[in-house]
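For reference, the structure discussed in these notes is given below.
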Amino acid sequence: MDKSKEIVEEKGTERLKRGFAKMCKGGVIMDVVNVEQAKIAEKAGAVAVMALHKVPFDIRKAGGVARMADTQKIKEIMEAVTIPVMAKSRIGHIGEAKVLEALGVDMIDESEVLTPVDTEHIDKKKFTIPFVCGARNLGEALRRINEGAAMIRTKGEPGTGDVAEAVRHMKLINKEIKELQKMEQKQLEDKAREYRVPFELVLETKKLGRLPVVNFAAGGIATPADAALMMELGSDGIFVGSGIFKSNNPEAFAKAIVEATFNFKDPNKVLAVSGNLGEPMKGIDRLEENEKMQTRSE
Amino acid sequence: MKIAVIGVQGDVMEHIEALKRVFNRLKIDGEIIWARNKNELQKVDGIIIPGGESTTIGKLMSISGMDKVVIELAKQGTQILGTCAGAILLSNIKLINIKVDRNAYGRQKDSFEAQVTTPLGKMDGVFIRAPLIKEIQKEARVFAKHKKEIVGAEQDNILALTFHPELSGDAKIFQYFLRKIIDSKK
């Protein structure tokens, strides 16, 4: 044997998980329900697809218990495209998450779009593959990161085609981080207690002036201008759920949203991709409290 | 000195930050720009194509016309570094004579960290859904190896790496890249 130290290969480290999310930055991740849609997304320049059995708009319409997608469907999508494939598990459903990990999806979205099974979230540090989780405010975001989430996204209000809630969540998180930056030790300790996370995580967030992981916008994004708006508010990238495949011209919307996300700083370029797209998804403008998905976890 | 990081998609900021740290350490007076269009590539001394999704970066570079400018500048001798997706794109636009296999190790669950060997010494390699250099042709030379596999190649002013030096905290690659720029001006 060579005397030099054997090089240990490591998998599933925090750096690899967070690193994967970083590679998605500036990009658009699209919900798809079949191979055909996944190919449209890939061709349009999506950085990844989220494999589902129904987009959130249809999950609302169908009612009942929403579960992890059929694994055969996910597998077909994984085989059809070369970009990363993500899939959703129900909040707290370690069983579904383990199946998705065994299947080899690139990231799991522990998502409020599906019916939660527990108020306690999955212990994500125990997994080799990374997780993304939704958040409405800084407390939720830091709790998820503390549980091992490698990426955060706003919850917004999925399946509505209304970006208002995503705006609210992103602005609130930004505001709460700004407030941290003005705080002294004692106040930060109080915040850590209020958020139920370690003090070090609060301190790290204060020092960085942003979340310690990638933060995407999700929930209600339906047009190129919606995507540009969320990027302007400081999102690292965009999830589009129903917005593409519930429009009447998915190819055009997919491509336009990708380009608007890249060119959000230049309104003329967003303008150039905003015309002649067809009808965006119709959307839902008002929901009863008990119909909201964002309040399913905290 | 002026360096442009192609800023269409991917971990652009991580490259900017890694470069900034080296600028400070070597006391280089310079500018690092997040290039979103081809005009921002004028009069730069070096260009970095970052990690990200290669199909997306490739598409957006082509739509914005940045790919053509990069090819032109490379032919004039501008130093270029491509990491991961960047290495794939450098091979696609034929700036370096290598054959690259995308997602060669599998999916994210197969992403790994391991030591790599380079002329600059051993360093941590962070491989995320990484490609692999299958073949080195003509003027291209092996630059980095992991076990027996080629994970970095160099051809004059072009350097292509399949791992992520911007995520490892090891500045050697960026120092080397800046040294090449300084030496090429002498």
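Proteins come first, then strands; the chains are lettered A, B, ... in the order of their sequence lines, and each starts at number 1.
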Exercise. Start with the C-alpha distance between A/Lys25 and B/Asp11, add both sets of side-chain angles, then the distance that settles salt bridge (charged side-chain N to carboxylate O under 4.0 Å, His left out), and finish with yes or no.
Key: CA-CA 6 Å; A/Lys25 285 202 290 185; B/Asp11 69 336; over 6 Å; no

Exercise. Please lay out, stage by stage, how B/Val126 and A/Glu10 fare under the test side chain to side chain contact (heavy atoms under 4.5 Å, CB included).
Key: CA-CA 10 Å; B/Val126 180; A/Glu10 280 192 286; over 6 Å; no

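The number of heavy-atom neighbours closer than 6.0 Å to NZ of A/Lys206, taken from other residues, nucleotides and ligands shown, is above 12. In B/Asp183, the CG atom is crowded: over 12 heavy atoms of neighbouring residues, nucleotides or ligands sit closer than 6.0 Å.
Proximity to chain B (any heavy atom under 4.5 Å) is shown, for A/Val85, by both the backbone and the side chain. Neither the backbone nor the side chain of A/Thr261 comes within contact range of chain B; no heavy atom of the residue lies under 4.5 Å from a heavy atom of that chain. Contacts between A/Lys17 and chain B at a heavy-atom distance below 4.5 Å involve the backbone alone (N, CA, C, O). Only the backbone of A/Ala46 comes within contact range of chain B, with heavy atoms under 4.5 Å apart. Residue A/Lys269 touches chain B through its side chain alone, counting heavy-atom pairs closer than 4.5 Å.
Within the 3.5 Å criterion, the main-chain N or O of A/Gly104 finds a donor-acceptor partner in the side chain of B/Arg107.
From A/Thr128, atom OG1 reaches atom CD of B/Gln108 across 10.0 Å, with rounding to the nearest 0.5 Å.
Among A/Thr13, A/Asn263, A/Val47, the residue with the largest count of heavy-atom pairs under 4.5 Å with chain B is A/Val47. Note: B/Gln9 leads B/Arg102, B/Glu14, B/Gln9, B/Lys109 in heavy-atom pairs under 4.5 Å with chain A. Among A/Lys22, A/Lys43, A/Met23, the residue making the largest number of heavy-atom pairs under 4.5 Å with chain B is A/Met23. Among A/Arg18, A/Glu259, A/Met78, A/Met107, the residue making the largest number of heavy-atom pairs under 4.5 Å with chain B is A/Met78.
Remark: B/Phe177 engages no residue in a ring-ring contact (aromatic ring centres under 6.0 Å, His included) (not counting sequence neighbours).
Of all residues spanning residues 29-66 of chain B, those with a heavy atom less than 4.5 Å away from chain A's heavy atoms are B/Arg36, B/Asn37, B/Gly51, B/Gly52, B/Glu53, B/Thr55, B/Thr56, B/Lys59, B/Leu60, B/Ile63, B/Ser64, arranged by number.
Put simply, the side chain of A/Glu9 reaches to within 4.5 Å of the side chain of B/Lys147, judged on heavy atoms. Within the 4.5 Å cutoff, side-chain heavy atoms of A/Pro84 are placed close to those of B/Arg129.
Nearest heavy atom pair, residue A/Lys11 against residue B/Asp110, reads CE-O, 3.9 Å.
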